[in-house]
Amino acid sequence: DQQVKQNSPSLSVQEGRISILNCDYTNSMFDYFLWYKKYPAEGPTFLISISSIKDKNEDGRFTVFLNKSAKHLSLHIVPSQPGDSAVYFCAASGTDKLIFGTGTRLQVFP
Amino acid sequence: DTEVTQTPKHLVMGMTNKKSLKCEQHMGHRAMYWYKQKAKKPPELMFVYSYEKLSINESVPSRFSPECPNSSLLNLHLHALQPEDSALYLCASSQTGGHEAFFGQGTRLTVV
């Protein structure tokens, strides 16, 4: 049973435009959500997080939105840069562990 | 220092071998984790240590044996592994009760 889902396995965006990555979850007990960026054969790198009591958190080019009623969160990257090309995982936190989504491969082309 | 260091980076082992993966962090985190990641899949939690005590064991086969000698170190002892155990093994740490986990670079394990 996949509690955290990323329904788009891949996304291609032109440099300078907005990238929007989506994530859905099923467990309403999750209290914290995170986004990680991952390059092949490397560990995930933490990007940004949001508490379940908030609906938006912004850090530079990255903004995460949380819609609790829809059990949905999204990561906006603007402007997108070629260096943003990687796999992005959303993760949900509950009881001492992170549960990861299936990942979305973002490709930013010039 | 926000680094989690894993050694070795790559490991090839036979099914009868015994080997260990090592993980170290100096951020003062008291929670440490082992994850396993297969190709094109998300990381899957294996074990959680909190204050050097095993707090979560996600029904991992006994051929994987974790050890937490102190608050900065986490080992994963491997014995009699199967080819399907080949994967990227990731170590992570976080503040206890915290949410942001910091990951190491991983050990790419190949069982032959």
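Letters A, B, ... are given to chains in the order of the sequence lines, protein chains preceding strands, and every chain is numbered from 1.
Put simply, OH on B:Y35 and CG on A:L98 are 4.0 Å apart, with the number rounded to the nearest 0.5 Å. A:K38 NZ to B:L90 CG: the interatomic distance, rounded to the nearest 0.5 Å, is 6.5 Å. Annotation: the span from A:K97 atom NZ to B:S55 atom OG amounts to 10.0 Å, rounded to 0.5 Å. Atom CD of residue B:E100 and atom CG of residue A:L47 lie 11.5 Å apart, to the nearest 0.5 angstrom.
More than 12 heavy-atom neighbours from other residues, nucleotides or ligands sit within 6.0 angstrom of NZ on B:K38. More than 12 non-hydrogen atoms from other residues, nucleotides or ligands lie less than 6.0 angstrom from CD of A:E42. Other residues, nucleotides and ligands contribute at most 12 non-hydrogen atoms within 6.0 Å of the CZ atom of A:R17.
By the criterion of side-chain heavy atoms lying less than 4.5 angstrom apart, applied directly or through intervening Ile, Leu, Val, Met, Phe, Trp or Tyr residues, A:F46 is not grouped with B:M32; the two fall into different hydrophobic clusters. A:V4 is connected to A:I50 through a chain of hydrophobic side-chain contacts under 4.5 Å among Ile, Leu, Val, Met, Phe, Trp and Tyr, so both are in one cluster. Grouping the Ile, Leu, Val, Met, Phe, Trp and Tyr side chains by contacts below 4.5 angstrom, directly or via other members, places B:F47 with B:L78. Residues A:I48 and A:L11 fall within the same hydrophobic cluster, defined by Ile, Leu, Val, Met, Phe, Trp and Tyr side chains chained together at heavy-atom separations under 4.5 Å. Using a 4.5 Å cut-off between side-chain heavy atoms of Ile, Leu, Val, Met, Phe, Trp and Tyr, with links allowed through other members, B:V48 and B:L76 fall into different hydrophobic clusters.
Only the side chain of B:Q37 comes within contact range of chain A, with heavy atoms under 4.5 Å apart. If you measure heavy-atom distances from B:E58 to chain A, the contacts under 4.5 Å come from the side chain alone.
Side-chain atoms of A:Y36 do not come within 3.5 Å of backbone N or O of B:F103 as any donor-acceptor pair.
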Give the C-alpha distance, both sets of side-chain angles, the deciding distance and a yes or no for side chain to side chain contact (heavy atoms under 4.5 Å, CB included) between B:Q105 and A:Y39.
CA-CA 10 Å; B:Q105 294 293 291; A:Y39 295 112; over 6 Å; no
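Residue with the most contacts toward chain A among B:S50, B:P43, B:G106: B:P43 (heavy-atom pairs, distance under 4.5 Å). Your options are A:V87, A:L34, A:T45, and the one with the most heavy-atom pairs under 4.5 Å with chain B is A:L34.
Residues of residues 99-106 of chain A lying within less than 4.5 angstrom of chain B, judged on heavy atoms, are A:F100, A:G101, A:T102 in numerical order.
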